[in-house]
There are 2 protein chains.
Amino acid sequence: MTQRPITMKDVARAAGVSVMTVSRAFKTDSSVSPDTRDHIRKVAEDLGYVLDSTAANLRSQRSDFVAVTIPSLNNANFADTVSAMSDVLGKAGMQILLGHTNYDIHEEERLIAQFLQRRPAAMVVTGGRHTDRTRKLLSNAGIPVVETWDLPPDPIGHVVGFSNARAMDPLVAHLQATGRQRIAFIGGDADGDTRGTDRRMGFIRAMEARGLDPTRLIRAGQVPISMKEGAAAMARLLADLPDTDAVICVSDLSAFGALSECARRGVDVPGDIAIAGFGAYEIAGIAHPTITTMNPHPRRIGTRTADLLLMTMNGDAQGETLRFEIAPEFVPGGSTG
Amino acid sequence: MTQRPITMKDVARAAGVSVMTVSRAFKTDSSVSPDTRDHIRKVAEDLGYVLDSTAANLRSQRSDFVAVTIPSLNNANFADTVSAMSDVLGKAGMQILLGHTNYDIHEEERLIAQFLQRRPAAMVVTGGRHTDRTRKLLSNAGIPVVETWDLPPDPIGHVVGFSNARAMDPLVAHLQATGRQRIAFIGGDADGDTRGTDRRMGFIRAMEARGLDPTRLIRAGQVPISMKEGAAAMARLLADLPDTDAVICVSDLSAFGALSECARRGVDVPGDIAIAGFGAYEIAGIAHPTITTMNPHPRRIGTRTADLLLMTMNGDAQGETLRFEIAPEFVPGGSTG
DNA sequence: GCTTGACCCGTTAACGTTACCAGAAGATAA
DNA sequence: TTATCTTCTGGTAACGTTAACGGGTCAAGC
């Protein structure tokens, strides 16, 4: 039984007022007498009327969408960032349009092109490396753009993030300070995960700066690398470079895999080898031993981004492009003794 | 420099054709000569034109949105389901509008009311317990509705899920078969997580059916319970009911927390106590020992749901309400020896 | 030649809402 | 009393696109 959908016109007729008054009854800031508003709301509820925000957006030429792209849905760090953004933006009546790129900047381009058709009020992307067309699309969109989880040298718009490269420094410093010299790095194969690539670069630079050998690099598989791949990489590391005395993993997940592999083989952590990760995932704090890591404060990134957007959309800071650095925090754990 | 946004009219003028022809040039299935289409596409690209799907949706009275609500973004199981749905629906040109309810059916109601204003082509919700208003909203929306991750007794529309209660049966059976008698259950406090509540109920029923004592129930904190809360609950269990010889945790995350706590205290798993979880999270397969669990096949749920929606939206199976049971699979691990 | 049909393109109106302007009714001030 | 302001409500047009239909052109068939 498909019946004609109910519109404002129906509500107006039933309530004995004009459509315009019905429209006003559904906006919080417009002037309708309290009685009329209540009456209209009640009539609407009885009729089962639901406002059509598609039409509203078209007419008013503004939308309550903020489009967001992240590399993967299945990642606690990105999920935290989005969740925090959603909390702040939701209170302001905005909605998040979320998409995942599978760590592929061409998929990101496709997704962003699709999102822009929705005429979002703002666009948030993860990372600072994009296709040329993506950059062009975002620049021409005429809306606030925020790049997160990175500190790109040539930003498109606003930035809320940190240097993935420099984030390796405290870890290398800590390992050296605790007497380790032969430090390895476990990361993903491809360059799809630019944050992972940046961390590897940062590792190399930090090692060189300290006069240490930066060539113990293990490729663990397709990004994002899993716990299992971390374990396999650790197995290879122990076989190929048995004198290694510490390893930094591109994420806590692979670090935990590496830790498990050591447990399985009876390799003592941190006695025989120290292990560090990145991301401050819950597993890092509960593993046995706990895993030394860096906390990039994902929720803080999300909150900052949302606040920034609300500011610029209110007309403050118009035209400026803002840049917030959220410094990752060193979190010592038992895995580096 | 805010300039007037570019519309089809601008493209039409620049390409020397009518707006209608431009519109057709952007739809794959409509009849425009290849030359004209290429020309228009090129002109549009040069002008930086981006189609406004808000207007398109309004005019055509259909949308390419599928709205989806899940309890939490930060959950690998739900993320997998959404990701699989997104893969299938994306290929059909549809987009997912995702929201999280924080395990609160009133928040779910708010979210669904908001989503329905977008006139989605379909609506997917997680779980089978909702507020009365939610049920009414979904019933009256005139679009396909799917409830997932559950097998509700009184479904609103289609169903793709499984019985969380019955899913406890294989675990209890396995534990009993391996000689355990004094089996405990660790779950969340509140009833917000209806799937968790169902599992506890299912545990009690399975225990009773086997003549075992179903009263060893530990409340571990606010849902969703974390690894840490799982660990704390295990500590309480060991203190309060030291003769317990097995424990089923509401999820693998809490199970891993429990396992860690045992490791910390030198309690042998599975020698002193067996541990089982639920969800087949990656951690279950890599923990040491691996954790016995149930795999609810989250991606399969997502794929099935998406396929079902594409079917009904193509006009097949109109009017029927379909019900797919995706049976969880028992995954033995080392933690139950 | 004329008819028929396929293919391509244009004109008009409409989707459901809100911006904008205006006007009526009542309150307040002179 | 009249003038002025405030509060509430209504009429009209427009947002950018596509559905529906109509018309023109050209090739094939008679």
Side-chain angles (χ1 to χ4, degrees), chain A residues 2-41 43-44 47-65 93 116-121 141-142, chain B residues 2-41 43-44 47-65 93 116-121 141-142:
Chain A
T2 318
Q3 58 203 8
R4 195 176 51 79
I6 296 154
T7 72
M8 273 194 181
K9 203 185 287 187
D10 303 309
V11 179
R13 197 181 348 258
V17 295
S18 73
V19 248
M20 201 53 235
T21 304
V22 177
S23 172
R24 278 191 273 252
F26 279 95
K27 315 208 67 179
T28 47
D29 56 346
S30 46
S31 66
V32 203
S33 81
D35 288 353
T36 320
R37 167 171 279 135
D38 291 349
H39 177 225
I40 292 174
R41 283 263 173 95
V43 169
L47 288 177
Y49 170 71
V50 176
L51 183 86
D52 186 334
S53 59
T54 304
N57 287 347
L58 175 62
R59 178 55 182 114
S60 64
Q61 290 294 88
R62 62 185 117 79
S63 89
D64 38 12
F65 271 137
L116 289 178
Q117 298 193 346
R118 302 280 175 197
R119 299 290 187 268
Chain B
T2 317
Q3 58 203 8
R4 194 175 53 78
I6 296 155
T7 72
M8 275 196 179
K9 204 185 286 186
D10 302 308
V11 179
R13 200 187 338 265
V17 295
S18 73
V19 250
M20 199 55 231
T21 305
V22 178
S23 172
R24 279 192 270 252
F26 279 96
K27 313 208 68 183
T28 47
D29 56 347
S30 46
S31 65
V32 204
S33 81
D35 288 354
T36 320
R37 168 170 279 136
D38 291 349
H39 177 227
I40 292 175
R41 283 265 174 93
V43 169
L47 288 177
Y49 169 71
V50 176
L51 183 86
D52 186 335
S53 59
T54 303
N57 286 347
L58 174 62
R59 177 55 183 113
S60 64
Q61 289 294 88
R62 63 185 116 81
S63 91
D64 39 12
F65 271 136
L116 288 178
Q117 299 193 345
R118 302 281 175 197
R119 298 291 186 268

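By convention in this document, chain letters (A, B, ...) are assigned in the order of the sequence lines, proteins followed by strands, and residues within each chain are numbered from 1.
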Can you give me the closest heavy-atom contact between Leu58(B) and Ala55(A), atom names plus distance? CD1-CB, 3.8 Å
Provide a list of protein-nucleic acid N or O atom pairs under 3.5 angstrom, restricted to nucleotides 18-22 of chain C.
unit_1: dT18(C); atom_1: OP2; unit_2: Ser23(A); atom_2: OG; d: 2.2
unit_1: dT18(C); atom_1: O5'; unit_2: Ser23(A); atom_2: OG; d: 3.4
unit_1: dT18(C); atom_1: O2; unit_2: Arg59(A); atom_2: NE; d: 2.7
unit_1: dA19(C); atom_1: OP1; unit_2: Arg62(A); atom_2: NH2; d: 2.6
unit_1: dA19(C); atom_1: O4'; unit_2: Arg59(A); atom_2: NH2; d: 3.3

Nearest heavy-atom neighbours spanning Ser18(B) and Ala12(B): C-CB, 3.7 Å
Thr21(A) or Thr7(B), whichever maps to the more 5' nucleotide of DNA chain D: Thr21(A)
Between Gly16(B) and Tyr49(A), who's closer to the 5' end of DNA chain C by nearest nucleotide? Gly16(B)
Between atom CZ of Arg118(A) and atom CZ of Phe65(B), what is the distance when rounded to the nearest 0.5 Å? 3.5 Å
When you measure from the side chain of Arg37(A) to the backbone of Arg24(A), do you find a donor-acceptor pair of N or O atoms at a distance under 3.5 Å? yes
What pair of heavy atoms forms the shortest contact from Leu51(A) to Met8(A), and how long is it? CD1-CE, 3.5 Å
In the 5' to 3' direction, the nucleotides of DNA chain D bounding the stretch that comes under 4.0 Å of a heavy atom in chain A are dC8(D) to dG16(D)
Look at all strands and tell whether Thr36(A) reaches a base, only sugar-phosphate, or nothing, counting heavy atoms closer than 4.0 Å. sugar-phosphate
Looking at Asp10(B) and Leu47(B), what are the two nearest heavy atoms and their distance? O-CD1, 4.0 Å
How far apart are the closest heavy atoms of Ala25(B) and Arg41(B), and which atoms are they? O-NH2, 3.1 Å
Of all heavy-atom pairs between Thr7(B) and Tyr49(B), which one has the smallest distance, and what is that distance? C-CE1, 3.6 Å
